[in-house]
Enquirer: 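Mind looking over this structure? Questions follow.
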Amino acid sequence: MNLFQLFKNIRPFVKPYKWLVFITLTLTLIGSFMAQVNAIVLDRTVDAVNALVGVPDFAWSKAAKILTIISIVLLGKELLSALITFAQNYFGERMRIFVSKDLAQSVIEKVLTFKMAFFSAGDNETGKLQTRIDQGVSSLSRTVQNFFIDMLPLFTSAILALILMFAANVYVGLVALCIVPVYFFITYRQALRLKGWRRDMRNYREAKSHGIMSIIESINVIKSFNRERIEGDKQLEIQNQVTDNQMKTRKVSFYYNGLKSFVKQVGTVLVIILTAYLVLIEYPGMTIGKIMYHVMLFSNVVAPITQLQRIFDDMNDALIYAEGFFSILNSDKDIEPSGEYKSEKVVGNFKLSHVDFTYPNGKKALHDINMEIESGKITAFVGLSGAGKSTIVNLLDKFYDPDCGSITLDGVELKDYNTHFLRENIGIVLQKNHIFDGSIEENILYGNPTATHEQVVDAAKKAYIYDQIMELPKQFDSKAEELSGGQQQRIAIARMFLKNPPIIFLDEPTASLDAIATEQIKNSIDAIKQNRTVIIISHSISQIIDADVVYALKDGHVAQSGDPDEVYTKGGIYKDIIDASARSLNIEKIARTIENG
Ligand code: ADP
């Protein structure tokens with residue numbers, strides 16, 4: 001991304017604050033004029049004082065008059081400058097804060113529209129995406145601030161100072177002008193050398209936050225295996241790379257900064273020598289006052305250039321981070337597709353014909369899947385881990401699109417459905433359900449934000465969690481994150497009951513529940529299957545054999561399908577799984593124990 005593209009991209013975010021821009025720019029211009037006052041006053045003072053010294057009719061009253069005028073002008077100017085700087089900083093900062101808010105909000109809203117494939121891509125893992133967004137927002141809003149608060153005033157002041165120098169004496173003006181490109185050239189070389197490293201720095205920062213995030217997420221595993229050292233070493237490697245990179249960057253910066261400081265001093269020396277020479281040869285208009293005048297103006301000319309490196313660094317950061325940031329904000333290829341179709345009523349009959357699917361990382365998870373899933377029946381997906389069961393559910397919820405083949409719901413292609421409408425009609429309960437930061441009530445309400453408290457209570461009862469909630473000190477206002485895994489699972493089930501959709505996907509819904517809760521939930525699910533499509537993925541033999549239809553999956557293929565008892569009698573993967581489950585449950589012994597009891 002170049003500077004022009006950067007500004008083009010930022011423009012829409014600055015536009016709503018054009019009044020702030022106007023005020024800041026006006027203040028900038030006034031501020032730039034004020035910055036030259038010191039040089040002009042000094043010029044006049046030196047010459048006026050010089051004219052008084054050694055004159056026979058020297059009068060203190062004249063000197064006092066000059067000093068009073070100087071004091072009033074300088075103090076008045078400082079007062080005004082302070083006011084202008086305050087207003088300029090205030091309005092500039094206001095703009096930065098507002099632009100920063102708008103940038104952050106837009107990117108969050110954009111990311112929410114993206115399809116699942118975006119989030120499962122390696123580049124967008126939690127910490128990395130967050131760093132890219134954070135760094136993007138802060139460096140872009142810094143650019144806005146740099147431009148309006150730092151760069152513009154400094155450069156306007158520099159140009160004005162240069163004009164004044166030229167107006168006073170063309171030769172001195174030319175010397176000042178010659179130094180500027182040298183300075184620019186050095187800064188440009190510096191920026192060029194640092195560019196690659198700064199880009200690497202971005203990647204390291206992303207890797208660092210991702211590393212920290214994954215440590216926090218898996219802290220119990222790390223501790224239980226005593227792997228703190230290994231994790232620490234992994235981080236040390238990243239830290240070492242970051243440190244090396246930082247040291248290299250700093251070294252180059254110090255070298256170039258020294259060079260620039262030297263060039264600036266050379267410029268000042270040249271201005272002093274030239275002006276002193278012009279005074280000595282009594283060049284018209286050149287007085288001792290002009291020596292001070294030019295030196296001060298020259299320092300105004302180079303002032304922005306001394307700041308240039310910082311601004312350049314920030315700009316370079318902005319260019320690098322803006323690439324990542326705007327690639328998210330302007331990306332339309334990742335937006336979740338949606339059709340227009342909304343039916344009067346969803347019945348819930350799915351048909352999959354010759355469906356293949358490959359995950360974004362290239363893993364082909366489904367091969368030539370053909371299925372008919374009917375409403376009013378419980379359909380169970382059976383298979384070993386990794387067989388593709390959850391992947392089918394992902395496709396039915398339109399989280400991903402199939403590579404080929406067709407998926408229809410009630411005879412209409414799934415891709416033609418309005419995605420929001422479709423998901424309003426589907427309820428999902430996963431093995432590990434997400435509980436949001438908030439109360440139990442808020443978490444259940446996620447299923448239907450407009451539901452009443454009575455409906456929430458009803459849903460909690462159906463999910464057999466009501467009694468346990470009422471035992472808590474704050475009941476429905478208790479924090480949901482403090483509940484146990486099994487209780488959270490039932491909150492997720494209550495959420496689904498409250499949503500009350502015609503299609504229900506249950507992916508190992510009772511995996512983390514105790515036996516009694518499992519039985520209760522099974523009864524609830526059996527009770528709501530009427531006039532609904534229920535797809536259940538389960539390793540629980542009791543849930544599988546109660547299904548109306550089973551699909552046994554193996555390596556992304558449908559190996560067997562039909563009535564559970566019929567499929568069992570045919571042998572094959574389904575029978576193998578059921579037999580293994582029965583053996584693992586030690587059913588014969590359980591039966592004997594129960595009989596004897
Ligand atoms: P199951 O639900 O039967 O245990 P899945 O449908 O989760 O199996 O997975 C099927 C295959 O797809 C597995 O090989 C798994 O590694 C792969 N897979 C699942 N999710 C993803 C993903 N987000 N990205 C890439 N591959 C995935």
Side-chain angles (χ1 to χ4, degrees), residues 111-112 114-129 210 213-214 217-218 333-334 336-337 350 352 354-371 373 378-405 407 414 419 423 426-434 489 492 503-513 533-541 543-545 547 549-561 564 567 572-578 580-581 584:
V111 165
L112 282 171
F114 285 170
K115 54 189 177 192
M116 289 297 252
F118 172 83
F119 298 95
S120 49
D123 266 3
N124 300 328
E125 290 161 317
T126 341
K128 291 188 182 175
L129 190 61
H210 177 62
M213 289 269 199
S214 63
E217 272 171 16
S218 32
K333 71 175 184 358
D334 290 315
E336 188 157 54
F350 284 104
L352 291 87
H354 306 293
V355 169
D356 281 10
F357 175 70
T358 312
Y359 276 105
N361 68 354
K363 164 82 196 169
K364 184 148 187 178
L366 297 179
H367 307 258
D368 195 26
I369 300 288
N370 295 292
M371 286 184 174
I373 298 162
I378 295 185
T379 304
F381 292 169
V382 184
L384 304 179
S385 284
K389 305 179 293 294
S390 307
T391 304
I392 297 179
V393 167
N394 283 340
L395 293 191
L396 296 182
D397 210 8
K398 255 174 87 168
F399 284 154
Y400 296 95
D401 293 329
D403 303 344
C404 62
I407 303 178
L414 209 58
T419 307
R423 294 192 188 144
I426 296 177
I428 295 194
V429 177
L430 301 170
Q431 187 177 356
K432 191 172 183 323
N433 287 282
H434 196 82
Q489 180 77 345
I503 301 166
I504 295 171
F505 298 149
L506 306 162
D507 194 344
E508 303 267 4
T510 53
S512 51
L513 297 187
T533 305
V534 179
I535 295 179
I536 186 159
I537 297 175
S538 181
H539 293 298
S540 153
I541 188 168
Q543 279 167 353
I544 302 170
I545 55 174
V549 183
V550 293
Y551 281 93
L553 289 140
K554 193 179 176 197
D555 301 333
H557 297 270
V558 175
Q560 292 177 294
S561 64
V567 176
I573 179 92
Y574 179 70
K575 183 174 184 303
D576 293 347
I577 291 173
I578 296 292
S581 302
S584 74

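Counting convention: from 1, in listed order, for ligands and their atoms alike.
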Enquirer: Would you check if Asn394 and Tyr359 make a side-chain contact, meaning some heavy-atom pair closer than 4.5 Å?
Expert: yes
Enquirer: So Ile392 and Ile535, do their side chains get closer than 4.5 Å, heavy atoms only?
Expert: no
Enquirer: Could you find the nearest protein heavy atom to atom 2 (O) of ligand 1 and give me its residue, atom name and distance?
Expert: Ser390 OG, 2.7 Å
Enquirer: Any luck finding a side-chain donor-acceptor pair between Asp356 and His367 under 3.5 Å?
Expert: no
Enquirer: Is there a side-chain contact between Thr358 and Lys363 (heavy atoms, below 4.5 Å)?
Expert: no
Enquirer: Just wondering, do Leu396 and Ile373 contact through their side chains at under 4.5 Å, heavy atoms?
Expert: yes
Enquirer: For atom 18 (N) of ligand 1, what's the nearest protein heavy-atom neighbour? Residue, atom name and distance, please.
Expert: Tyr359 CE1, 3.3 Å
Enquirer: Going by the atom numbers of ligand 1, which of them fall below 4.0 Å from some non-hydrogen atom of Ala365?
Expert: 11 (C), 12 (O)
Enquirer: Specify the protein heavy atom at minimum distance from atom 5 (P) of ligand 1: its residue, its atom name, and the distance to 0.1 Å.
Expert: Thr391 OG1, 3.5 Å
Enquirer: What atoms in ligand 1 come closer than 4.0 Å to a heavy atom of Ser385?
Expert: 4 (O)
Enquirer: Under a plain distance cut-off of 3.5 Å, with no hydrogens placed, do Tyr400 and Thr391 share a side-chain donor-acceptor pair?
Expert: no
Enquirer: Should Val558 and Leu553 count as side-chain neighbours, where that means a heavy-atom distance under 4.5 Å?
Expert: yes
Enquirer: Within the 4.0 Å heavy-atom shell around Leu384, which atoms of ligand 1 are there?
Expert: 3 (O)
Enquirer: Please state which protein non-hydrogen atom is closest to atom 13 (C) of ligand 1 and give its distance, to 0.1 Å?
Expert: Gly386 O, 3.8 Å
Enquirer: How far is atom 15 (C) of ligand 1 from its nearest protein heavy atom, and which residue and atom is that?
Expert: Lys363 CE, 4.7 Å
Enquirer: Can Gly388 be said to touch ligand 1, with heavy atoms closer than 4.0 Å?
Expert: yes
